[in-house]
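For reference, the structure discussed in these notes is given below.
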Amino acid sequence: MSSIFKRIKDKLADYRRPGYYKEFDYHWAIVVDIDRCNGCEACVVACYAENNIPVVGKKGCDDARIFNWIRIEKYIEGEYPDVRVKFIPIMCQQCDRAPCEIGCPVYATYHNQDGLNVQVYNRCVGTFTCATYCPYDVRRFNWFTYKPDKPLDEQLNPDVTVREMGVMEKCTFCIQRIRYAKDAAKDEERRVRDGEIKPACVQSCPTGALTFGDLKDPNSEVSRLARSRRRYRVFEELNADPSVIYLKRVMGNGKRSHD
Amino acid sequence: MKRRDFIKYLGAGGIGTAMGIFFGKNTKPPGAKLIPYLVPPEEIVPGVGAWYSTLCAQCGAGCGIIVKVMAGRAKKIEGNPLHPVSRGRLCAMGQAAPQGLYNPDRIKGPLKRAGSRGSESFMEVSWEEALRTLAENLAGLKVKGSAEGLYVLAPPLRGHLDALIRDFTATFGSPNYLPYDLFDNRNLAFANAVSMGMESLPHYDIENTRYLVSFGADFSSTWLSPVNLSYGYGQMRQGSPGVRGTLVQVEPRMSLTGANADEWVPARPGTEGLVALAMAHVIVAEGRYRGREARQWRSLLEAFSPVEVAKVSEVEEKRIERLAHEFASTRPSLAIGGDVLSGYTDGVSGLVAVNILNHVAGNIGVKGGVVPNPVDPFFSAPGRDFTRSISTVRDAAESGALKTLLTYNANPLFTTPDNLRLRESLDKVPFMASLSSFMDETTAMADLVLPVHHFLEDWADDFCSPSVGKPVATIMQPAVSPKYNTMGAGDVFLELARRLRHEREKALSGGTEILGEFMDERFSVKDFQEHLKRSWRELHAKDRRLSGGNPTFEGFWNRLLKDGGWWPEGAPMEKGPAVRVKDVAAYMPKGASMFEGEEAKHPFYLMVYPQAGLLDGRGANSPWLQELPDPMTSVVWGSWVEINPATAMKLGIKEGEMVTVESPYGKIDAPAYLYPGIRPDTVAVPIGQGHRSYGRYAKETGANPMDILPSLQDKGSGALSLNSTRVNVSRSPKPGWMVKIEATKKEYGREIVQTVTPEEFERMNKEAT
Amino acid sequence: MGSDRTIEQIPYEDVNADVVRTMTETGRLYYIFLFLSMAGVVVLWGLPWAYQIYTGQGVTGLQTPAFWGIYLANFIFWIGISHSGTLLSAILFITQTPWRRSIYRSAEAMTFFSVMTASIFVFVHMGRPWNFYWTVPYPNQRGLWLNFMSPLMFDVFAISTYATSSMIFLYFGSIPDLAAVRDRVKGWRKEVYTVLSLGWRGTDAEWHWLTKAYTFFAVFIIPLAVSVHSIVSWDFALSKVPGLSKTIFAPYFVVGAIYSGSAGIVTLMIFLRRGLKIEKYITKTHFDKLGMLLVVMSLIWSYINVVEVFTGWYADTSFETESLRYRMFTPPFSYMYWLMIFTNTVMPLFLIFRKVRRSMAPALIISLGINVGMWIERYLIIATSLPRKFHPYMWNDYIPSLVEISITLGSFCFFTMMFLMFVKLWPSVSIYEVKEDIGIPFRTKKGHH
Amino acid sequence: MNPVLLGLYKYVDDMIDAAGRLRDSGYEVSILSPIPLGHEIEEALGEPKNHIRYFTFAGAICGFFFGIIFTLGTAAMYVLPRGGRPIFSATPTLLISYETSILIGVFFTLIGFFLMARLPYYKKRVYDPEVNVDSFGLLVDGIREDKYGEVERVLKEHGAKEVKRLEKE
């Protein structure tokens, strides 16, 4: 009898724990060293290729419906000649207290055991709530069914779904690659090694600004970088607990040219 | 090569050939998946990609790549992690290569002109007919004794395909094999040749430098080898803990590299070389130069004191001095020059000036400086022929010396200034054949279109230039079987050779012997793949570095295809050549570069530059690259004119409004983009858009600044001077719209991109250690 | 209590006759309006919506940061309008306010129809409306329940409860009148009203249970209505978006809802009394009282509006400042904003004058103005917040497309159509409560208490 | 069955007086009126019980618990963590049960009304359309054969404008 009570008590404790998971299986994270990023946008094209991202054309871009799951934001400060330009790659931040996840009425987005914010295309009914709640503006909506001109569809990646009209989508940290690596690791009865998985953007980055890995492993490259004193997270004050960690750009205050 | 991350190569042997496949370390054991390369691997396990290593031919950098192939289709391109140039990374353009392969506007079979020339009306013909037509035309030339009337125009190729075409042309009896590419760094090669005697481009060791001054070289987007240099840039910034290299960019228009610089020095257009010399002047005058000829250098640089240079360049004297001090005292330091600088009318002088600066600061031949690439007996790019250029073709066409023009993947009609009048000249050419995958402007003029394989379907190799301080040879092998009725470029030349030989036999039977060539066994192989293998067999036999590790050729060949190429593990640093006063004296600038047009009528300097992703316009038919926001302006699907906001306000131009850019040679219309990173007396237009042909995505998108450029060429190098005219800017009544992705340029204090000052960074490092 | 009486002495007989007349006698003008509104529903709503479903949400003006647009503004607007009837009816019932009696029936109908209109907008707004049933909580083969943490789920529950309750409230209060109609009509109507009136006879027991149950309904409806609009405001307030995430939104929305609802009643009553020729029952005294209500609501609404602006301004963060600047000083939104202030804060002040309250033309202008203003308010909340979210790089201006505007107009046609059908099928003035207002006939002049 | 007598009155106080008198005489009296006369009848005939509140209360309680069980139960059946919040979250649970308690409370109240008022009832009953216009009807049942005259007289005495003898079905 007491065992039943204990079970109920344990279950209740589980269900009352914020975020539910005692700990994540892995805690995937990307560390972006903005001081390395030179804004070349190789990551953007890599993402297009890996994730079957549709092209929306000039009109679509004008309507602000471009599908870049990862974008390089550029901000210019100052006037000529003291111009300072800053770049920052913004992809889904895979927040551990994700505002988008609470918004969805049909569980189309939820948190998985790897600390990833997962989007289930099949469940999505298109209420736009997740995209509205997202402070990072990384969610993209299939306004139409976008089809590439034939035969450009032959390069579509079979590991990734092609989304239909009315569905919300976003960066997945290339979950298909994570999946492959985790399966392989499981076959060999080991954990995924550091550096074994590289999402398309991380893989392509010529300057090595992006690093992907498991934050749970204190010896991983991301954990090492995340301990940097330059560490910060975008809009930390919103308390969304993003998994993308940025390292501050080293930059003069723009007065240097005056001396 | 200790890339133990997640991949390794698996060997695979076939009947007569072999191929590389690229698997995840954790999939099934080696040997389970042998895939003969010619058979589309439709039988292989569905859903599991095979990775083939090959060469990226999107630009001339020569990155080694791996291609993920699933069910016989190329899915994804990544950098080859073993390759010393790409180091496993790849730029936007390289990754967009499958968009060329599967482009809906690819030419699907040989075409013969049906309408008038340039009308783009063609009829489909068989390969047999197409090749016969071309062979007969060539035979006709030969018979008439005007074999030198054959001109072959191709991008600067560097491997055995280059050798084959060169041999073919020479054997045919024509000296006119012209490599042409708009951004082929002719000036840089020439300047290095005259000032340092370098035959090949050196490796600029950004990775190890601690103070980099770039005079206009935009290595982040297009200059030389963007992937390799960007890797170096990343390493320079944060590669080793606590050490962060500084980047100073001297250019009138802030390029992507300039945007990343710690300091942007907006010198007046055409005076960057003077700034470099002024820095050299300071170094020499202060006795920091420890090399030979100190006195001579001092007198040579006498005229370029910071005081004088500050007057023309509008860079403060103190600033030049400070930069010179920092440059000389930070070790190692490096100066590079290119793009804008080499585009001036005296671009060679500017680049020589950069070499002088490197020389006096002692940066040549040191780690973190200019690392010379060894001239390898086997694996070096051929030396450049500076005597002939695109104007040679124009002149030959005008004079009627050009009888038959063969172009291979070259599009001079788009990438030369309209003012060169190439179009009119080519109209006079009796016969034009184009080997190209796309109906570009030049191909549209051709009488015969021979569609060649996309590089993902073809065989070739490449000897990388600039290399990375050691020879790098990369193999291009087919990742997928040809999608359309196309032929490999090498195969076309071999087939032509066979047919010409056949023509000869016919001629022999007729009693006349005029076609005695092409009997060489080089031309008698089955196809280009065989040719390539044969050539490598010869190399393997000659070069002990190759045969050392793999005594049998087959083993070596397999290894070659697996790894995607051959390069030695390491190479000793070449001794740096010295810059001699007598060599450079002739190239000292007389002042700021000249610009066409009068200041009163054309008040603005025009800077043109390759748009990231489109390069010289070749990327314009890729939807991905068209939709890739330009890094600096975020404009997509079109071109734009960069104007300083203050200037725009004076002219009453708002962002997005159409403006007319008028030079003495013509005018174009494009929307204005207000860009604080450009001098108020300068406007800039990117090259790459404004195609008249080239498929649905490229056509009628944007404007081509080539339409308004003068056809000036450097006398020494033969390179086109792109930044050579002044323009006037006015509001245009023409309709047009600009689409940019950014909503605003400002951050509104939201601290999205947070920064630390270098001082804080120093402090952080000290605290950390 | 005679001063409370809003209706002059009318014989009981006439009340029955007048109300049944409004249902049975129909002029040509009515059919013209009915046809126009039906045509409007098909052309302005049905066809564009079909086009939108077939082509995709891309035919709207929605884009990347502005994922919510005019559809949600309409949704909130109609939910707000719905607060007129039921809430007013219930509050005034509990407080025993006599002038409620002749207007509450049509006000409740207005509630029901505007909730209907609003809920259709939920489906119009959806990206995949053919999967709408995925948002309904029932055991299913997809093996999924719903995320009750989502404010949208709160909405589903609140609005369906509200729609159900207000429908029951409306029907329940009409049972005696349906019986009265049953007794006076012939043909198919007889049969329909016989079924609808449930066999009502008006015995003392029936009346007893009716009034008791009615009181409970009224007690339930008041907190329900408050919760409905609070919950709708939480759709916004639970996000983190500057301009949407505001703690004041719940009271602001409730007040705004009552305000717009009351104005809606005024507009509707003006048309109703003219259209059905029932000036005897809906008198100037009604407008007098409603006018006073409007002044009070206007003052409360304006106060909250000022508080909202002030707190944002006081916060002095880039986010709040930009969202206020965009709303108040950037055309075209600034025009709309200041128009809203004019119609909702300045114009209702004229209702302080008794003369204005009691004349129809000014009342109509002011009430329409308030409704326009309230619609603008809802529109501005959405259209000026989302396009100015956190990342300046992603900012974009939202401009509704023709499809969206057409569907918006279509929703008004739909509401009009439903209401026109209602007045012919339902006693739009409560017979028995009007009689109560006229007074119970006593031989000895005891009168009311 | 015996027929019943229906007296139609113009004035409420007349009818109430008659009703009081006949009830005191032991007749079954009920009133048919076009408007609710709760207050007046209470004064004359005493206050009837209010049973509906039990229904309402029961409904609200049921609804509340239904809401809690529904929200928490479905969350426990399909454990999908979201937003760093616990699976059992207090705020939405209370909110949903708030709504369900109102919803089910309303339903129970309606059912209570139907049960108590014995509606709907579609068979024919003693009724006169007049009582839904401007007459107040007094329905007297349980009259012995010989007492009809007396009852009719009493009704008339109190001012009934008309007395009808109606058959019960």
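The chains referred to below are lettered A, B, ... by the order of the sequence lines, with proteins before strands, and numbering in each begins at 1.
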- Task: Using heavy atoms and a sub-4.5 Å threshold, report which of residues 307-324 of chain C line up against chain A, by residue number.
- Result: F319(C)
- Listed by residue number, which members of residues 392-401 of chain C have a heavy atom under 4.5 Å from any heavy atom of chain A? P392(C), Y393(C), M394(C), N396(C)
By a 4.5 Å heavy-atom criterion (distance strictly below it), what part of [X] contacts chain C: side chain, backbone, both, or neither?
{"X": "R139(A)", "answer": "backbone"}
{"X": "D137(A)", "answer": "both"}
{"X": "E101(A)", "answer": "backbone"}
{"X": "Y110(A)", "answer": "neither"}
{"X": "I72(A)", "answer": "backbone"}
{"X": "N122(A)", "answer": "backbone"}
{"X": "F235(A)", "answer": "side chain"}

Determine whether a donor-acceptor pair (N or O, by modelled atom type, separation under 3.5 Å) exists between the side chain of [X] and the backbone of [Y].
{"X": "T64(C)", "Y": "A64(A)", "value": "yes"}
{"X": "R65(A)", "Y": "G58(C)", "value": "yes"}
{"X": "N131(C)", "Y": "V125(A)", "value": "no"}
{"X": "R128(C)", "Y": "V167(A)", "value": "no"}

- Item | Nearest heavy-atom neighbours spanning C134(A) and K389(C) | O-NZ, 2.7 Å
